[in-house]
**Q** 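The structure under discussion is supplied below as structure tokens; questions concerning it will follow.
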Amino acid sequence: MAYWLMKSEPDCFSIDDLASRPAQTEAWDGVRNYQVRNMMRDQMRPGDLAFFYHSSCPQPGIYGEMEIVSNAYPDPTQFDPDHEHHDPKARREEPRWLLVEVRFRRRFDPPVLLEVLRAQAARLQGLRILERGSRLSVTPVTERHWNLIQKLGAGEG
DNA sequence: GCCAACGTTGGC
DNA sequence: GCCAACGTTGGC
């Protein structure tokens, strides 16, 4: 089993949105980066766990935890001309973009903010979100980092 | 296949 | 809104 960190802008889709969905499950669509697509396709599997990270907001950070509940499959929004993530170069017989389905597990209350992660930088060395210029919307998390962040979420930092 | 121009991300 | 960092595009 692997661990991940997945970013979303909460104005667009937040952990509260996920928690209020039927079955608390959602298709994580809109990924338009090849590195992320390949990670989802080749490495992400049902049963993996992921942090839900809120980006581009007043208090960026990890707001909770979810489970990957499907393998990667074609993202239908790439074929929809009216969708903001439409890709005119994508063809149904040769999809360019994939998604996975995720299910809510729990919130961190309070969230583990980016500033808290930065304060633990020495112990979180290698965590991709803390690296300079890190922009990928999905990144792997080591088990060691996962467990440490769990403790931060429980106020045991 | 190089690389400049351009677009996007995301913290601040 | 700024801007650094990085990915993508497209002319050559």
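Proteins get letters first, then strands, A, B, ... in listed order; numbering begins at 1 in each.
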**Q** Which residues pass the side-chain hydrogen bond (donor to acceptor under 3.5 Å, both in side chains) test with A:Trp97, sequence neighbours left out?
**A**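 Result, side-chain hydrogen bond (donor to acceptor under 3.5 Å, both in side chains) vs A:Trp97: A:Asp87.
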**Q** Quick one: sort the A:Trp146 and A:Phe51 rings into parallel, tilted or perpendicular, breaks at 30° and 60°.
**A**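 Aromatic pair A:Trp146/A:Phe51 classed parallel.
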**Q** Check this for me: A:Arg91, atom CZ, are more than 12 non-hydrogen atoms of other residues, nucleotides or ligands nearer than 6.0 Å?
**A**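 Open.
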**Q** Which whole-number value in Å describes the distance from A:Asp87 CG to B:dT8 C1'?
**A**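 After rounding, the reported distance stands at 15 Å.
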**Q** Output one line per pair: protein atom, nucleotide atom from nucleotides 1-4 of chain B, and distance, for all N/O pairs under 3.5 Å.
**A**
none

**Q** Give a yes or no on whether the backbone of A:Gln35 and the side-chain of A:Asn38 come within a donor-acceptor separation of less than 3.5 Å.
**A** no
**Q** Between A:Arg107 and A:Ile15 (side chain of the first, backbone of the second, donor and acceptor by atom type, cut-off under 3.5 Å), is there such a pair?
**A**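 Pair absent, no side-chain N/O of A:Arg107 close to backbone of A:Ile15.
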**Q** Would you mind checking if A:Arg32 and A:Asp75 are paired as a salt bridge, meaning a charged N to carboxylate O distance below 4.0 Å?
**A**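 Yes, A:Asp75 and A:Arg32 are salt-bridged.
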**Q** Just the atom pairs and distances: protein N or O near nucleotides 9-12 of chain B's N or O, under 3.5 Å.
**A**
unit_1 : atom_1 : unit_2   : atom_2 : d
B:dG10 : OP1    : A:Lys7   : NZ     : 2.6
B:dG10 : OP1    : A:Arg135 : O      : 2.9
B:dG11 : OP1    : A:Tyr53  : OH     : 2.8
B:dG11 : OP2    : A:Ser56  : N      : 2.9
B:dC12 : OP1    : A:Arg118 : NE     : 3.4

**Q** Whether the side chain of A:Asp17 engages the backbone of A:Ser14 through a donor-acceptor N/O pair (distance < 3.5 Å, no angle test) should be reported.
**A**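 Yes, because the side chain of A:Asp17 sits within donor-acceptor range (under 3.5 Å) of the backbone of A:Ser14.
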**Q** Within 45° of the ring axis of A:Phe104 and under 6.0 Å from its six-membered ring centre, is that where the NZ or CZ of A:Arg21 lies?
**A**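 A:Arg21 over A:Phe104 ring: no.
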